[in-house]
2 protein chains.
Amino acid sequence: MTPPAEKRTPLSRERVLRAAVALADDGGIESLSMRRLASELGVVPMALYKHVANKDELLDGVVDVVVGEIDPPGTGAGWKAAVRQRILSARSALQRHSWAAQVIESRSTPTSAVLAYLNSMIGLFREGGLSIDLTHHVMHAMGSRILGFSQELFTAAPAVEPPAPAAMAQLAGTFPYVAELARAAAHTEDSVVGAGCDDQFEFEFALDLLLDGIERLHRSGWMSAQ
Amino acid sequence: MTPPAEKRTPLSRERVLRAAVALADDGGIESLSMRRLASELGVVPMALYKHVANKDELLDGVVDVVVGEIDPPGTGAGWKAAVRQRILSARSALQRHSWAAQVIESRSTPTSAVLAYLNSMIGLFREGGLSIDLTHHVMHAMGSRILGFSQELFTAAPAVEPPAPAAMAQLAGTFPYVAELARAAAHTEDSVVGAGCDDQFEFEFALDLLLDGIERLHRSGWMSAQ
DNA sequence: ACCTGAACACCGTTCAAGT
DNA sequence: ACCTGAACACCGTTCAAGT
């Protein structure tokens, strides 16, 4: 497994970050440890600390790699279409790296790549004519959705075991509304809310609910009561 | 520090969970480890495994404690007011335990206390006359907000250091829209989006944006195109 | 001056040995 | 049969010793 005594291409911050993304893509975020990353690169753990100060900075770095994959904003269409399109692009970048949303959430401070993304998103609203006040509240209201993900309640459990009719019956007894909703969900082959649904549809449903509401407030000249 | 050789009140699942909540309340979620919890209770780590199967089950247990603090739904008013009130009650429970939102997010499967909460929330929509179809999408659209929290982009960093005028000037140069928004935010004494704002106002702003949109869809007899 | 092996202070959990 | 000390297989990071 360990490579023979050949010259290894020298480490660089970029090579470290790319390897970290690849490691998380392959084995999930829990397999991204400093020690495992080092051994993946064929170096001693301490060698990584020449390129990232610590693990937090490593995580900031991989977030920047993912955010860097989001398409730049389109031009032409109105603010609403531009915002919608950009967010859906962010969503597809995030979906290529299933661990990324969780890592973004865990960061306490935005990196400059994230700030640049937010800046251009705020710009879309402002150039679309929304007041600074409305834009401010809107950015809060969109929350993580602006980065292409949302906190679903329980993201479709692996559900290795099928619904188990007996368990389903018990569910119906104890939690009738949950059971009814589970039955109604399109391809309801597993568990609870969030399972067997069309994720893309649900994401766009909520996104449009918010964008339509924002447009209505903007048209009516909404101003904070404060 | 270690208590003298007196009889300790015997462990129980409830005592373990209460101690875990207290530990997290005091020292943050990162201080809730099996080993530290055990020493807090004056027992050997292995003793905990008599009452919880493993750490995941411990975390499920503390979630249930917090969810158990949410008020039952009110009666009388319409579905919209009832949902709004319940969610704000959930929010205040979650705010008493600042680590709770993060732990809830980390769970992959809802506990039965969470299921019971979701069940009653779905019930509010259904009894309010919303179709099962609309209710389903609405539950998705609300996402974690239904449990009283939302994924803000970056929750006001501790910001030990003040804005640092020089950094602010640089920010304005590189990210003008971010800077403008930061300046406009009410008591803008720190960092970026999310800092120095009235959290409660922002939460209710987004909540009402969603509830108003839902009400409009319901009134207009919305049906999924599928 | 540079690099790194060993060590430190932790984890969650297993397991065998002791009572 | 019960309980638990020691051990295992990990962490992120420090630090001193070696080149």
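Each chain gets a letter, A, B and so on, in the order its sequence line appears, and its residues count up from 1. No experiment lies behind these values; they were computed from the predicted model shown.
For B:Arg107 (side chain) and B:Asp56 (main-chain N/O), a donor-acceptor pair under 3.5 Å exists by modelled atom type.
Listed by first and then second residue, the side chain to side chain donor-acceptor pair (under 3.5 Å) pairs that reach into residues 112-125 of chain B are B:Arg86-B:Ser120, sequence neighbours excluded.
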(message) Dot-bracket for DNA chain D, please. Rules: Watson-Crick or G-U, both distances under 3.5 Å, ( ) within the strand, [ ] when a pair crosses earlier ones, | for another strand, . otherwise.
(response) ||.|||||...|||||.||

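Chain A approaches DNA chain D over the interval D:dC11 to D:dC15, counting the first and last nucleotide 5' to 3' with an atom under 4.0 Å from its heavy atoms.
Every residue meeting the side chain to side chain contact (heavy atoms under 4.5 Å, CB included) condition with B:Asp71, not counting sequence neighbours, appears here in chain and number order: B:Ser89. Every residue meeting the side chain to side chain contact (heavy atoms under 4.5 Å, CB included) condition with A:Thr174, not counting sequence neighbours, appears here in chain and number order: A:Gln170.
For B:Glu57, the CD atom counts as densely surrounded, since its 6.0 Å shell holds more than 12 non-hydrogen atoms of other residues, nucleotides or ligands. The environment of A:Gln102 atom CD is sparse: at most 12 non-hydrogen atoms of other residues, nucleotides or ligands sit within 6.0 angstrom.
With no hydrogens or angles considered, a side-chain donor-acceptor pair links B:His97 and B:Glu69 at under 3.5 Å. A:Asp60 and A:Thr111 are not linked by any side-chain donor-acceptor pair at a separation below 3.5 angstrom, with hydrogens and angles left out of the test.
Taking CZ from A:Arg126 and OG1 from A:Thr135, the interatomic distance works out to 5.5 Å, rounded to the nearest 0.5 Å.
Spacing of P atoms, D:dA9 relative to C:dA9, comes out at 22 Å, to the nearest Å. C:dT14 and D:dG12 have their C1' atoms separated by 23 Å, with the value rounded to a whole Å. Rounded to whole Å, the C1' atom of D:dT13 lies 23 Å from the corresponding atom of C:dT13. Nucleotides C:dA16 and D:dC2 are separated by 14 Å at their C1' atoms, to the nearest Å.
Within residues 46-64 of chain B, the residues having any heavy atom under 4.0 Å from DNA chain D are, by residue number, B:Met46, B:Lys50.
Ring centroid separation for the pair A:His140 and B:Phe203 does not come in under the 6.0 Å cut-off.
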